[in-house]
Structure formats: C-alpha cells, structure tokens
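Down below is the structure, laid out as structure tokens.
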Amino acid sequence: MFETIKEQPADKILMLMQAFREDPRDGKIDLGVGVYKDASGNTPIMRAIKAAEQQLWQAEQTKAYTGLAGDPGFADAMVALVLGDAVARDNVAAAATPGGTGAVRQAFDMAKMANPDVRVFVSDPTWPNHLSILKHMGIETVMYRYFDNDTGGVKFDGMMADLAQAGKGDIVLLHGCCHNPTGANLNVTQWQAVIDLLNQTGATPMVDLAYQGFGDGLEEDAQAVRMVASSVPECLIAASCSKNFGIYRERTGLLMAVAQDGGAKKLNQGTLNYLNRQNFSFPPDHGARLVTMVLTDDALRADWKAELEEMRTGMLALREKLAGELQRLSGSDRFGFLAQHRGMFSRLGASPEQVETLRADSGVYMVGDSRMNIAGLNAQTVPLLAEAIIKAGV
C-alpha cells in the first residue's frame, strides 16, 4: 500500500528553519518562523499562564475526558473575549479544537457538509496552510485580490470586484486582524463595505482570528469580527490562543458558528460535536483550562492583558524603528507601510531573488514571498536588517 503514496512537498517554512539552524554565521537573523519572540530570541511563557499552571497542578483532580465540544467554561470565556456583547451567547455554537488550525479545518468540514460543491474565496496571498488544507480536502479555492505589492496596502477595489463573484453556498475567508502574511488590514469603512457585499451576494463569511491583541489592542482587534457576526445571517469564526496566550504547543483553539436565528444553535452545536468526534473525539483540555482560568480570574486576566500589551507595543516600536532606519538609508518613504502594518508579519515586497540575496549575503532568513516576522527582530538587529535590505536592492 505504501508504495502507491506520493511524496508530499516539504513545508517551506520548516525548510527555512532547518537552513537557519545549519547556518554557522553569528549575525544571522531569523524572520521566517511564525512565533512570537522577545528581545533575546525566546518564546516566553506568559506570567499569567505560568501562574495558572501552578494553580492547576495543585487543584486538578482528574484527567478524564471533557465533553465532545470541550469544557463549556472555555467556550463561554472565549466567545466573550472575541464577540463581547455583539451577539447573544444563545446564538453561538462553539467547540474546542486542537489549535486555530483545527478550528479552520473543522470550519471547512462544516462548510462542505452544508454544500459539497462549496467554493472558498481566499485572499491573495493568505496563510499557506489555508490553501494546503483546502487542496487536501478537495475544496475549490478562488483567490481574491488583496495585497498591493507596490504600496504595501490593500487592493480594495480589486478585492470587492472579486468577492462580488461569490454567491450563496460559498465561503469568503477573511483575516480578522493582523493579516498573515502581509500585515495590511482593512479599515472600518472597508469592513462595512465587505459586509454589505456579503449580504447582497449571500456568501457566508468565515473569519480566521489568530492574533487578537497583537494589532491595535484586544477590543480594537475584535471590532471587525464583531461587525461581521452582528451584521450577517450566519458566519464561522476560527479563533486561536497560540499567539495571544503564548501556548503554541498546547494546541488551543475554538470554532464558533454564529446564526442570527437562535433556533439554529442546537443543530450547529450538534454538528460541531459530530465533527470533533470524527476527527479526534475529545479536544485537548490543558491549554483551554489555562485560558479559562486566566480569563475568569481578575488578577490573572489583568496581568495577562498587561503583558500582552507589552508584546504588542514592542512590535509596534520595532516596526517604527525599522521604517525610520530604512527611510534614513534610502532617502525615501517607500518603506513607510511597515509602520502602518499590524501584527507579527509584514510583506516587504522583495522579489524571490532579492530574498535569496538577503539570505546569502547577510544571513537574513525570510519566506520566499518576502514575508518577515517582525517579532524576530530586536533593537540591535533592526539596523542590520535595514542595511541588508538596501544592499539587496529592494
């Protein structure tokens, strides 16, 4: 049987990580891997998470399964964090998943159950794993214009023209904030125009929210998804706890199915439970339990929010410093968009050849499409990166 299996293409980011590890140069800079790093290059355990783990270790009495959808307290806490009071809790079905990726996969599964011929409209570019999962599932993917390589902003007119081709039974995949891989986001007026278009066409929005709190703040980063959820008949939301709680390896996520018709919740909840059962039975609980403890304890929540804000403002400062250094070296403001982007990532706009030059000549590692992880920088490496970018002719 195994002789008939075809070799799958290697993950480009994992290959980049391996190449970085094998590079003997002292001044190398890793801007490829998509995890948050502090100034010393470590991915820290957040203070509130560490405190919650200590409490849990003392208090936990069993490792028995939770329900098929996970612990209800986790769903309640996350729905409140993401949606606030934009939608009644009774209108939201929710299920815990192994990470935000698990929520994305379950959402695609639910969409395909509802419509075997579903098409998923995806931004150009998007997180590569969106495309990989859709291809693996045999779901038709339609790209819509999104990033303007020349300006570093959003090709909004092109985006709207492409999304006008979506219709009832289709899914439009949107990034809730901190667009990955570009860092370029829609403004409130543009979000409202997208919502109006979705209501005209009947297409169903699916929001991938992986970076709440990394852009403009916890509440600000939830504004778009709240606008969507409160304004369309139904939507899907895949939320991740990997970045904003720093629990990458605990694989903690939540899929929400929101319907204005409260009577749909029972069917949607049963469907989410069923999908969990088919894929992994019961979801993991450790990370979800920690998140629940942090969000429902006043002291832990306050400390978590404070540390998350430190991370967010630290990345903004790095963006501004890099944009300023590039302006100084280039004598132009053509890199000013880097300060306007939000989240961990920005797409530099370099060609694959220039990206290779950055790696070969300066030890700067970024994905071939010139996506770079701003969190991979610190105050010492920003000037080195700026000099390397100008030297490479970007």
Side-chain angles (χ1 to χ4, degrees), residues 68-70 74-75 78-79 81-83 87 91-123 126-144 163 166-177 179-180 194-195 198 202-212 222 224-226 228-229 232-243 251-260 264-265 267-281 283-284 288:
L68 283 174
F74 172 62
M78 282 296 294
V79 169
L81 179 69
V82 172
L83 293 176
V87 178
N91 290 20
V92 185
T97 58
T101 306
V104 167
R105 171 60 191 259
Q106 298 292 71
F108 291 155
D109 259 328
M110 189 175 188
K112 194 170 184 179
M113 284 180 67
N115 177 17
D117 298 320
V118 64
R119 298 182 300 168
V120 177
F121 283 67
V122 180
S123 67
T126 192
W127 180 46
N129 213 25
H130 287 151
L131 302 177
S132 179
I133 294 171
L134 288 166
K135 180 181 178 182
H136 177 72
M137 296 178 69
I139 295 176
E140 181 180 352
T141 304
V142 182
M143 305 301 293
Y144 63 83
L163 290 186
K168 189 173 177 61
D170 291 330
I171 295 289
V172 172
L173 178 57
L174 301 161
H175 296 228
C177 66
H179 186 274
N180 179 8
V194 170
I195 290 168
L198 288 165
T204 300
M206 171 182 161
V207 182
D208 189 351
L209 188 66
Y211 301 96
Q212 185 182 357
V225 70
R226 292 174 183 178
V228 171
V232 300
E234 56 189 29
C235 68
L236 295 168
I237 302 166
S240 170
C241 300
S242 294
K243 280 79 177 178
R251 309 311 301 132
T252 306
L254 187 78
L255 174 59
M256 290 167 260
V258 184
Q260 297 299 329
K265 181 185 177 181
L267 175 63
N268 288 340
Q269 189 63 60
T271 303
L272 295 182
N273 293 357
Y274 170 83
L275 288 172
N276 273 12
R277 183 62 166 164
Q278 307 317 305
N279 281 294
F280 43 77
S281 279

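Heavy-atom basis, side chains included; hydrogens, waters and symmetry copies ignored.
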Exercise for the section: Could you give me the CA-CA distance, side-chain angles and deciding distance for Val104 and Asn129, then say whether side-chain contact (heavy atoms from CB on, under 4.5 Å) is met? Expected result: CA-CA 10 Å; Val104 167; Asn129 213 25; over 6 Å; no
Are the side chain of [X] and the backbone of [Y] linked by a donor-acceptor contact shorter than 3.5 Å?
| X | Y | result |
| --- | --- | --- |
| Gln212 | Leu81 | yes |
| Asp170 | Gly167 | yes |
| Thr126 | Val122 | no |
| Lys135 | Thr141 | no |

Fill in the blank from the handout: Applying side chain to side chain contact (heavy atoms under 4.5 Å, CB included) to Glu140 and not counting sequence neighbours gives Arg119, Val142
Handout entry: Ala114: partners by side chain to side chain contact (heavy atoms under 4.5 Å, CB included), with sequence neighbours left out
Key = none
Exercise for the section: Please collect all side chain to side chain donor-acceptor pair (under 3.5 Å) contacts where either partner lies in residues 202-211, sequence neighbours excluded, each pair once. Expected result: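 For residues 202-211: His130-Asp208, Asn180-Tyr211.
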Problem - Listed once per pair and sorted, the side chain to side chain donor-acceptor pair (under 3.5 Å) pairs that draw on residues 91-103, sequence neighbours left out - result: none
Could you check whether any side-chain heavy atom of [X] comes within less than 4.5 Å of a side-chain heavy atom of [Y], counting everything from C-beta outward?
| X | Y | result |
| --- | --- | --- |
| Arg105 | His136 | yes |
| Ile171 | Phe121 | no |
| Leu83 | Ile237 | yes |

Practice task
List in chain and number order the residues that pass salt bridge (Lys or Arg N to Asp or Glu O under 4.0 Å) with Arg226, two or more places apart in sequence or in another chain; answer none if no residue qualifies.
Solution key: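 Only Glu219 meet the salt bridge (Lys or Arg N to Asp or Glu O under 4.0 Å) criterion with Arg226.
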Problem - Test side-chain hydrogen bond (donor to acceptor under 3.5 Å, both in side chains) applied to His179 - qualifying residues, sequence neighbours left out - result: Ser123, Thr182
